Enquirer: 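Structure provided below as structure tokens; questions to follow.
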Amino acid sequence: MKWDERRLKIIEYLRDKGINPYPQKYVITHSIVQLRKIGLEKNDRPKDPFLTNVRTAGRVANLRRHGKASFVDIFDEGEKLQLYLRVNELQNRYEQFFAEVDRGDIIGVGGDLFFTAKGELTLLVRDYQMLAKSLVEPPDWSKMSPEFRYAHRYVDFLYNDRARQTMERRYTIIREIRNFLNLEGFLEVETPILQPVYGGALAKPFKSHINYLDEDWYLRISLELYLKRYIVGGFNKVYEIGKVFRNEDIDVTHNPEFTLLELYWAYADYIDIMDLTERLFSHLANRVLGTHELKYHLGDREVVIDLGKFRRVSMFELLSDHLGKDVESMSDEELKSLMKTHGLVPRGSMYVRGLMIEKLFDKLVTPELVQPTFVTDYPQETTPLCKPHRSKPGLVERFELYIAGMEFANAYTELNDPILQDKLFNEEQEMMRRGDQEAHPYDRDFVRALGYGMPPTGGLGIGIDRLVMLFTNNSSIKEVIPFPMVSSKLIEE
RNA sequence: GGGCCCGUAGCUCAGCUAGGUAGAGCGGCGGGCUUUUAACCCGUAGGCCCCGGGUUCGAAUCCCGGCGGGCCCGCCA
């Protein structure tokens, strides 16, 4: 590793003086966060020290030298503390401080807390200690490029307050999802990430090799088929929050690994799941935002989304409204020419009626769904894992939740008919043979599990990263994933 | 998979259209300043202009090839 020569010399200098630039321990009396809290309670902002013999620590962000009295900002856990250093208190250690300490170093400081004339909470420093000498010059935090931030996220978290706050909110959301589901009586479970057959979604997988078995296995693309095995096995309300992996493109809404919530609920159907989904979003709005009104930046306009009101409407109704004509009365040829005018290609390039309707819906109607909308009753061809509709032939009991033009949830009355499952998987095999790389593979063990008998079940999937995008007003998935995928060349640099 | 843009000091970038001594701000270093908020003032060092080839008296600049990065469109959550 190549380090900054000047900083290396400082380390040498410190060691020569018998000072360890990386000591084992520094005892603090308060964190910076705690000191700021104390400062907030001092409404009169006393100019004289009101708390003495304080010891705290943080990272040096900014040094402002003024001759014999200087100011230094240190940060910890996203909170700033200003230090005031004076020759009067530090004597010869004053000059030493500026010879030894650079931006980015982590230091411990002891002294007295007071407010400056400008009203800034400040520590009058009486002693200091190097806790970790940094060897890399911190970047100009206002000018960090997105690529740099994503490749070296720890720097982003340190110097970009928004990135830090986005992560804090991400983990609040995940914690509140768990709280909600646990209260609803769901059990959090785990399923394998390495699987002999991938499934539960239509996507290209990552392949791996198990040396011991000398077999090719896959990284999971969803949680579905194993969670349903829990349902078969007699666990009636289960959920998992975990990473899934899809070997597809990387862009502002797609990362090859992303976090998915899936839950399965025995003796429930997709209507029950819709009700549950509404309660979940309402819970999150209350706990995370403190209101059901959410502001989101959509393109160049800001929209206010009401998370207290969910519309329920069928896909056919929405598409018919948009086209100004009944979709069911349109011929396959009409649909196909409509596809062509919009430059659309259906899944696997199969111009099947149901797939064309889904594609047209995605392209034409989805962007208009700004307020929370449950879109119900999809064509059978869109998924091999959903139960046929109880009253509408050719459709399945599926819904997707759209907010701000994005998909946030996908749910089914789950297919539990083993004979139909076998047939639909076989049809997917045919799609794969015809070149659809995202067709669903046949999972023999899963069909066998259904053969043992799975109760009627409702299931739900929610992409956590996109949910965090919504709740943090971010338009790029890279902002809400702690370590988004970027080229390794960019990371290694 | 199709189209567009970029690569110059440690960092952010100007210079390229119209070829003629390599520039600024920040950061570094030296000096000044005892309540500043990205402090300020004075001085100073710092370059394989991504790599290779071509055109030319002369290339950061024009042309060709390569490498690296980004953006848009199509497909996927």
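Because the structure is predicted, anything quoted here is derived from the model rather than measured. Hydrogens, waters and symmetry mates play no part in the numbers below; they use all other heavy atoms, side chains included. Letters A, B, ... are given to chains in the order of the sequence lines, protein chains preceding strands, and every chain is numbered from 1.
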Enquirer: So A/F114, base contact, sugar-phosphate only, or nothing? Heavy-atom distance under 4.0 Å.
Expert: base
Enquirer: Is A/D161 salt-bridged to A/R164, going by a charged N under 4.0 Å from an acidic O?
Expert: no
Enquirer: Provide the distance between the two C1' atoms, one in B/G23 and one in B/A60, to the nearest whole Å.
Expert: 12 Å
Enquirer: In whole angstrom, give me the gap between the P atoms of B/C51 and B/C11.
Expert: 15 Å
Enquirer: Is the NZ or CZ atom of A/R86 positioned over A/Y94's six-membered ring, under 6.0 angstrom from the centre and within 45° of the axis?
Expert: no
Enquirer: To check you understand the geometry: which heavy-atom pair defines the closest contact between A/H440 and A/G200, and what is its length?
Expert: NE2-N, 2.7 Å
Enquirer: Do the side-chain N and O atoms of A/T457 and A/E414 include a donor-acceptor pair separated by under 3.5 angstrom?
Expert: no
Enquirer: B/U34, B/C76, B/U36: which one has an atom nearest the side-chain heavy atoms of A/A69?
Expert: B/U34
Enquirer: Between B/C13 and B/G7, how far is it from one C1' atom to the other, in whole Å?
Expert: 12 Å
Enquirer: For A/K204 and B/G74, what is the distance between atoms NZ and C1' respectively, to the nearest whole Å?
Expert: 12 Å
Enquirer: Does the distance from a Lys or Arg side-chain N to an Asp or Glu carboxylate O, for A/E224 and A/R229, drop under 4.0 Å?
Expert: no
Enquirer: Could you tell me the separation between the CD atom of A/E100 and the P atom of B/C29, rounded to a whole number of Å?
Expert: 14 Å
Enquirer: Quick check on RNA chain B: between A/V252 and A/L202, whose nearest nucleotide comes earlier from the 5' end?
Expert: A/V252
Enquirer: A/Y218 ring centre to A/K207 NZ or CZ under 6.0 Å, with the angle to the axis within 45°?
Expert: no
Enquirer: Remember a base hit wins even if backbone is also touched, and classify A/E248 as base, sugar-phosphate or nothing at under 4.0 Å, heavy atoms.
Expert: base
Enquirer: Taking atom types as modelled, is there a side-chain donor on A/H254 or A/E248 under 3.5 Å from an acceptor on the other?
Expert: no
Enquirer: Hey, is the side chain of A/K363 poking within less than 4.0 Å of OP1 or OP2 on B/C75, counting only N and O atoms?
Expert: no
Enquirer: Is it true that the NZ or CZ of A/R398 lies under 6.0 Å from the centre of A/Y270's six-membered ring and within 45 degrees of the ring axis?
Expert: no
Enquirer: Taking only N and O in the side chain of A/K118, is any of them less than 4.0 Å away from OP1 or OP2 of B/U35?
Expert: no
Enquirer: Looking only at atom C1', what distance separates B/U21 and B/U12, rounded to whole Å?
Expert: 26 Å
Enquirer: Using atom C1' of each nucleotide, how far apart are B/A9 and B/A24 to the nearest Å?
Expert: 11 Å
Enquirer: Quick check against the 3.5 Å criterion: does A/Y13 have a side-chain atom that pairs as donor or acceptor with the backbone of A/A99?
Expert: no
Enquirer: With a 3.5 angstrom cut-off on both distances, give the Watson-Crick or G-U wobble partner of B/C33, or none if there isn't one.
Expert: none
Enquirer: Between B/U36, B/C75, B/U35, which nucleotide has the shortest distance from any of its atoms to the side chain of A/A117?
Expert: B/U35
Enquirer: Is the base of B/U35 stacked against the aromatic ring of A/H66, taking ring centres under 5.5 Å apart and planes under 30° as the test?
Expert: no
Enquirer: Would you mind pulling out the nucleotide paired to B/G1, Watson-Crick or G-U wobble, both distances under 3.5 Å?
Expert: B/C73
Enquirer: P atom, B/G58 versus B/G20: distance in rounded Å?
Expert: 15 Å
Enquirer: Could you check how far CD of A/E438 sits from C1' of B/G74, rounded to whole Å?
Expert: 13 Å
Enquirer: Base, sugar-phosphate, or nothing for A/D73, non-hydrogen atoms under 4.0 angstrom?
Expert: nothing
Enquirer: Checking contacts here: which listed nucleotide (B/C33, B/C76, B/U36) is nearest the side-chain heavy atoms of A/K359?
Expert: B/C76
Enquirer: Just call it for A/A203: base, sugar-phosphate, or nothing, with non-hydrogen atoms closer than 4.0 Å on any strand.
Expert: nothing
Enquirer: For A/E120 and B/A38, what is the distance between atoms CD and C1' respectively, to the nearest whole Å?
Expert: 14 Å
Enquirer: Look through every strand shown and name the nucleotide pairing with B/U44 as Watson-Crick or G-U wobble, where both distances are under 3.5 Å.
Expert: B/G28
Enquirer: Rounded to the nearest Å, what distance is computed from the CG atom of residue A/D436 to the C1' atom of nucleotide B/C75?
Expert: 11 Å
Enquirer: At under 4.0 Å between heavy atoms, what does A/R6 touch on the DNA or RNA strands: base, sugar-phosphate, or nothing?
Expert: sugar-phosphate
Enquirer: In the structure shown, which nucleotide is the Watson-Crick or G-U wobble counterpart of B/C49, with both distances under 3.5 Å?
Expert: none
Enquirer: For RNA chain B, what residues of residues 77-95 of chain A have any heavy atom nearer than 4.0 Å?
Expert: A/K80, A/Q82, A/Y84, A/R86, A/N88
Enquirer: Pick the C1' atom in B/C62 and in B/C26, then give their distance to the nearest Å.
Expert: 33 Å
Enquirer: Rounded off to whole Å, could you give me the CZ-to-P distance for the A/F361 and B/C76 pair?
Expert: 14 Å
Enquirer: Grab the CG-P distance between A/N247 and B/C75 for me, whole Å please.
Expert: 19 Å
Enquirer: In whole angstroms, how far is the P atom of B/C29 from the CZ atom of A/F98?
Expert: 12 Å
Enquirer: Can you tell me, in whole Å, how much space there is between the P of B/C57 and that of B/C41?
Expert: 49 Å
